[in-house]
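Notes follow once the structure below has been shown.
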Amino acid sequence: MLREKTIDLEVPDGFSFWTTVGFSGWRELAPYLYVKGSKSLVRFHGLSDGKVVRITAEQGAEDAITLSLESVEELDGNDLEEIRNTMRTSLSMDFDLTSFYDLIEGYPEFSWVAEIGLGRGLRSPTVFEDVVKTICTTNASWGLTKGICRRLCEKLGAQLEEGISTFPTPGALASATEEFLRREVKSGYRSRYLMELGVKIESGELDPEAWWGSDADISSLKTEILAVKGVGEYAANNILQLLGRYDFLALDSWMRKRFSEIYGNGEPVTDDEIEEHYAQFGRWKGLVMNMEMTKEIRLSVSP
DNA sequence: GCGTCCAGGTCTACC
DNA sequence: GGTAGACCTGGACGC
């Protein structure tokens with residue numbers, strides 16, 4: 001028998017739940033669960049005191065999101081505050097996009113971005129989870145990425161009910177063997193990278209959470225991220241974007257193909273040419289490119 | 001149902 | 001510094 005509770009989460013001015021969740025692929029990766037057309041987002045989350053909770057977030061009053069909570073154990077005040085912080089982080093509420101919107105004001109072709117409040121995206125409550133998920137997107141189809149994330153939760157996460165599990169902790173990854181990850185999670189050659197990530201975090205050698213809000217200059221930060229095994233140019237730039245840093249372009253095969261369709265008549269385009277095209281947008285170039293490349297998809301999906 | 005081919009980034013060895 | 005090949009899974013395709 002699960003205990004139920006509902007709380008509100010205040011949102012910043014201009015925040016749109018739909019545009020933050022509705023256009024982000026991360027919503028399809030466990031322990032998130034998004035039912036198409038439902039307008040709500042579910043997350044199975046492990047709290048720091050060991051309790052496991054199912055969080056269902058949906059737009060409530062204009063200035064708030066409603067969080068419906070289900071748990072086996074009673075949730076106290078500290079748990080509720082942790083859940084609010086988890087969702088605030090996951091929904092990128094702390095991102096300051098003022099200078100981004102100021103910048104695109106000078107570009108009428110991007111007026112649609114401000115009109116529907118785009119810019120934020122769904123991320124994970126921890127940098128660790130985002131690094132794991134990013135590694136799982138490399139050299140993999142989207143279906144494979146979803147499968148690996150689902151199996152990571154099923155095999156190594158904490159369980160709320162049968163078949164419903166949280167994202168594994170670094171410790172859980174560290175204690176798994178490469179053979180187990182290959183056989184049960186089917187993460188292939190990435191298994192070694194995932195295990196190594198967990199071990200380094202557990203031993204204190206690596207602290208990805210320190211990257212969040214880091215004062216380090218962007219190049220030093222990127223060098224540190226690139227030192228993680230399994231993280232190359234694309235993955236590092238994607239992780240930086242999940243940290244709210246858009247100084248680089250996260251170019252994968254889909255982005256290159258899309259750019260070529262829009263600007264190159266379908267002919268191959270070099271990364272340098274793409275870089276040159278977006279250089280005028282400075283530290284926001286990664287976000288501008290993401291918006292432009294996915295414009296048709298975003299405008300075709302109505303809230 | 002089975003076998004083959006291909007797509008998807010990163011790492012490592014080699015030049 | 002640049003390049004080729006290996007890594008692994010799952011989907012598409014042909015037989």
Side-chain angles (χ1 to χ4, degrees), chain A residues 24-30 36 121 123-124 127-157 167-168 170 173 176-201 205-206 208 211 218-243 245-262 264 266-276 278 285-286 289-290 293-294 297:
Chain A
S24 173
W26 244 223
R27 71 186 178 180
E28 295 179 28
L29 301 183
K36 207 172 179 182
R123 58 187 296 271
S124 304
V127 181
F128 159 70
E129 185 177 319
D130 276 338
V131 173
V132 170
K133 286 178 172 175
T134 299
I135 290 174
C136 295
T137 65
T138 60
N139 204 19
S141 64
W142 187 239
L144 177 59
T145 300
K146 287 199 287 186
I148 296 173
C149 290
R150 192 188 70 246
R151 290 186 289 271
L152 272 174
C153 295
E154 286 171 359
K155 306 291 180 184
L156 294 169
F167 199 78
L173 263 190
T177 63
E178 183 179 344
E179 200 273 330
F180 175 86
L181 291 171
R182 282 176 179 268
R183 188 184 67 240
E184 299 292 332
V185 178
K186 297 188 191 303
S187 41
Y189 67 91
R190 301 166 199 82
S191 304
R192 191 161 44 92
Y193 304 146
L194 299 179
M195 203 183 64
E196 191 176 307
L197 178 67
V199 169
K200 283 191 172 173
I201 293 174
E205 189 184 331
L206 181 70
W211 299 340
I218 192 70
S219 298
S220 308
L221 188 55
K222 183 170 173 178
T223 302
E224 203 176 328
I225 295 171
L226 280 168
V228 175
K229 280 275 186 280
V231 173
E233 184 69 18
Y234 152 77
N237 293 341
N238 190 62
I239 290 166
L240 281 169
Q241 295 194 357
L242 289 162
L243 292 168
R245 309 287 293 266
Y246 292 91
D247 308 61
F248 302 100
L249 307 178
L251 290 171
D252 59 9
S253 56
W254 188 87
M255 283 290 187
R256 293 186 182 96
K257 182 168 170 282
R258 189 75 191 111
F259 186 91
S260 159
E261 286 168 359
I262 295 174
E267 297 296 315
V269 180
T270 66
D271 288 0
D272 285 345
E273 287 172 312
I274 303 176
E275 286 282 348
E276 194 182 337
Y278 289 106
K285 61 174 177 257
M289 184 190 77
N290 293 352
M293 295 299 103
T294 58
I297 299 168

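Remember, it's a predicted structure, so these values are computed and weren't measured experimentally. Below, read A as the first sequence line, B as the second, and so on, with proteins coming before strands; counting in each chain starts at 1.
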So the contacted stretch of DNA chain B, first to last nucleotide with an atom under 4.0 Å from a non-hydrogen atom of chain A, runs from B:dG8 to B:dT12
The residue, A:N139 or A:R151, whose nearest nucleotide of DNA chain C is more 5′ is A:N139
In numerical order, the residues of residues 181-192 of chain A whose heavy atoms come under 4.0 Å of DNA chain C are A:R182, A:K186, A:G188, A:Y189
Of A:L226 and A:A140, the one whose nearest nucleotide on DNA chain B sits closer to the 5' end is A:A140
Using a heavy-atom cut-off of under 4.0 Å over every strand shown, decide if A:G230 touches base, sugar-phosphate, or nothing. sugar-phosphate
When rounded to whole Å, the CD to C1' distance for the pair A:E178 and C:dC8 reads 12 Å
Sequence neighbours excluded, the answer for side-chain contact (heavy atoms from CB on, under 4.5 Å) partners of A:R192 is A:E178
Q.
Is it the case that the side chain of A:K146 and the backbone of A:L29 share a donor-acceptor pair, with hydrogens and angles ignored and the cut-off at 3.5 Å?
A. no
### Query
Mind checking whether A:F128 and A:L197 have side chains closer than 4.5 Å, heavy atoms only?
yes
### NZ or CZ of A:K222 within 45° of A:F248 ring axis and under 6.0 Å
yes
Whole-Å distance, A:L194 CG to C:dT9 P, equals 13 Å
note: A:E233, atom CD; C:dT3, atom C1'; distance rounded to Å ~ 17 Å
Query raised in the report: Relative to each other, are the rings of A:W26 and A:W142 parallel, tilted or perpendicular (30° and 60° limits)?
Result: parallel
If you look at every strand shown and take non-hydrogen atoms under 4.0 Å, does A:S141 touch a base, only sugar-phosphate, or nothing?
nothing
Practice item. Check the pair A:K155, A:L181 against side chain to side chain contact (heavy atoms under 4.5 Å, CB included), reporting the backbone distance first and the verdict last. Key: CA-CA 9 Å; A:K155 306 291 180 184; A:L181 291 171; over 6 Å; no
- [ ] Would you check if there is a donor-acceptor pair between the side chains of A:N139 and A:Y189 at a distance under 3.5 Å?
- [x] yes
_Keeping A:E267 on the side-chain end and A:G264 on the backbone end, is there a donor-acceptor pair under 3.5 Å?_
no
